[in-house]
Amino acid sequence: VSLGALQELGMPLKAFPDMPEVEKDLEQVQAMLSEKDLDALYDLPEMTDPARLQVMIFLNEVLPVAYFLGSNLIFQLGPKMIGWTLEHGNSSQAAVGYIYYATYTLTTIAKDFLGARDYGQFALRLNDEKYRDKVNEAMLMNLWGGHISPYINPLREGKVKLLKGHHSGIEMGNYQWSGYCAINLICQDFWGPVSLTETTDRIAHLLPRLRKNDQNVAQYYYMTQACIWNLQTLEAGWPGRPPESVWPQSEAVVNRLEQAQDLTTLCCHFTGQLTLALLFSDDAHIMRYAEEVERTITGATSIFLGTASLFYLSIALAMKADPGDADMHTQIVGTLTAHLAQLEGWAQHAPFTCLHMSLLTRAELARITGQELEAMDLYDQAIASARKSSFKQNEAIANQLAARYWLGRGKKPFAALYMQQAWLCALHWGANAVAAHIEEQYADLLMLATPARSAGQPGGEAFTSTMIGGSGELDVQT
């Protein structure tokens, strides 16, 4: 409907433009912006013509549908809104155009994270100082906290804006963007540097309200709650089906998401399942869910969910590599190399969040290309980086991969130290079922790593005093 209205108002757009069209619009708007500094943009005359203002409103309304459908249109909307503003003047919707430009065009297409920071901050300034538009506040907070800040700041800083946007949206009745803030919050919790207890607290705080206001957004909280249930419920086994009280009608929900082609929600679900499969070292399910993540990842463009998805997908692809199949091996190496470039681009400006991901991906790439000395060093670097940034789930995965690396070379004493650390990380994160799985599957390695540990007593006094220093890290000298 909005695209039809825009056509009549002199702004024709395709529902699914190709990338050359997007790149052309980017070049044009960059040329126009190069002639003006941010203060000049702030001081543009006001747009007063009602029809021209309506164009900006329609452009704003198009984005959510285009995003969930995985359309390249999301990359065009910012440049189109800025071009219209430069031609016809400022409005409260101009802040929307600048934040769209920063969020999608600069971070994803141009890979210009510092430019995204500058134009994103300008969008916040324009709204806060000039227009004080509470209606757009939730949207601005979501795009800054969920799409821009994660690639220039620690996740905790963006979450402050996301929480503000969530409450602002509820206050203004803007449940759509309030819900998007809630989605980014739960994704940054579960795949970020917080414990499962903290994530559970977030769910307990926000899910009751989401059930009333937005059942679609509530599904993100249900599926995360289901992941935590699998990670913590010892008797569930993996893969365990959560009870209705944890995720009501889960199978029917996933079927509806498939029918609606809701790639973003599907990507969240499948990335959660892939994360579990990696933690439980379930190769068959790793391959299955990696295919699903690869199919749906375009629905998570420019948000931290997409970063986590790309990281776990990269690890899964490396595990799939088979030197005996030369064609597949070459294809996987090429794909991993491209993924690594993306992860390293993020790590350049957000090492506190993405460095360990790029290091572990590089370690796996080194392993499958026969660079064994480099792989050994990179595993240790990735583990140290994940520990420093408090990503306990990824530190556990990195230690498991390092342990499997050494097992594959017949070095059980080395493998034992890494597997013991993976066990410890799972406990610290709150994933008791993962720790129990490691104990069961790798009992001989755990006993080799710490003979003093009493059987059946994980975390006992003898174990903790022998293996763990004051920092909670494994004493590999023991």
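Side chains are part of it too, since the values below use all heavy atoms of this structure and drop only hydrogens, waters and symmetry mates. Remember, it's a predicted structure, so these values are computed and weren't measured experimentally.
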Participant: Do Leu163 and Leu185 have side-chain heavy atoms sitting under 4.5 Å apart?
Facilitator: yes
Participant: Give a yes/no verdict on a cation-pi contact between Arg409 and Tyr405, requiring under 6.0 Å between NZ or CZ and the six-membered ring centre and an angle within 45° of the axis.
Facilitator: yes
Participant: Can a side-chain donor-acceptor contact be found between Trp429 and Ser195 if the only test is distance below 3.5 angstrom?
Facilitator: no
Participant: Not counting sequence neighbours, which residues clear ring pair (Phe, Tyr, Trp, His ring centres under 6.0 Å) with Phe75? List them please.
Facilitator: none
Participant: Which atom pairs, donor and acceptor, lie under 3.5 Å between side-chain atoms of residues 138-147 and protein residues at least two apart or in another chain?
Facilitator:
{"residue": "Asn142", "atom": "OD1", "partner": "Cys181", "partner atom": "N", "Å": "3.4"}
{"residue": "Asn142", "atom": "OD1", "partner": "Asn184", "partner atom": "ND2", "Å": "2.8"}
{"residue": "His147", "atom": "ND1", "partner": "Ser302", "partner atom": "OG", "Å": "2.7"}

Participant: Centre-to-centre under 6.0 Å for Trp238 and His285, is that the case here?
Facilitator: yes
Participant: Hey, do the aromatic rings of Trp423 and His428 have their centres closer than 6.0 Å?
Facilitator: no
Participant: Is there a donor-acceptor contact under 3.5 Å linking the side chains of Ser281 and Gln400?
Facilitator: yes
Participant: Side chains of residues 349-356: which donor-acceptor partners sit under 3.5 Å, not counting sequence neighbours?
Facilitator:
{"residue": "His356", "atom": "ND1", "partner": "Thr353", "partner atom": "O", "Å": "3.4"}
{"residue": "His356", "atom": "NE2", "partner": "Asn394", "partner atom": "ND2", "Å": "2.9"}

Participant: Looking at Glu258 and Arg295, is any side-chain nitrogen of the basic one under 4.0 Å from a carboxylate oxygen of the acidic one?
Facilitator: yes
Participant: Taking the side chain as C-beta and beyond, is there a heavy-atom pair between Trp247 and His269 under 4.5 Å?
Facilitator: yes
Participant: Side-chain contact, heavy-atom cut-off 4.5 Å: Leu278 with Met319?
Facilitator: yes
Participant: Looking at Glu395 and Lys392, is any side-chain nitrogen of the basic one under 4.0 Å from a carboxylate oxygen of the acidic one?
Facilitator: yes
Participant: Do Tyr221 and Gln225 have a side chain donor and acceptor closer than 3.5 Å?
Facilitator: no
Participant: Are the side chains of Tyr312 and Thr271 in touch, meaning some heavy atoms are under 4.5 Å apart?
Facilitator: yes
Participant: Would you call Glu374 and Arg367 a salt bridge, using N to O less than 4.0 angstrom?
Facilitator: no
Participant: Within the distance-only criterion (no hydrogens, no angle test), does the side chain of Tyr67 pair as donor or acceptor with the backbone N or O of Thr301 below 3.5 angstrom?
Facilitator: yes
Participant: Less than 3.5 Å apart, any donor N or O on the side chain of Thr265 or Asp262 sitting next to an acceptor on the other?
Facilitator: yes
Participant: Can you confirm whether Cys187 sits close enough to Ile303 that some side-chain heavy atom of one is under 4.5 Å from a side-chain heavy atom of the other?
Facilitator: no
Participant: Does a side-chain N-to-carboxylate-O contact under 4.0 Å join Arg362 and Asp377?
Facilitator: no
Participant: Considering only NZ, NE, NH1 and NH2 on the basic side and carboxylate oxygens on the acidic side, decide whether Lys412 and Asp444 come within less than 4.0 Å.
Facilitator: yes
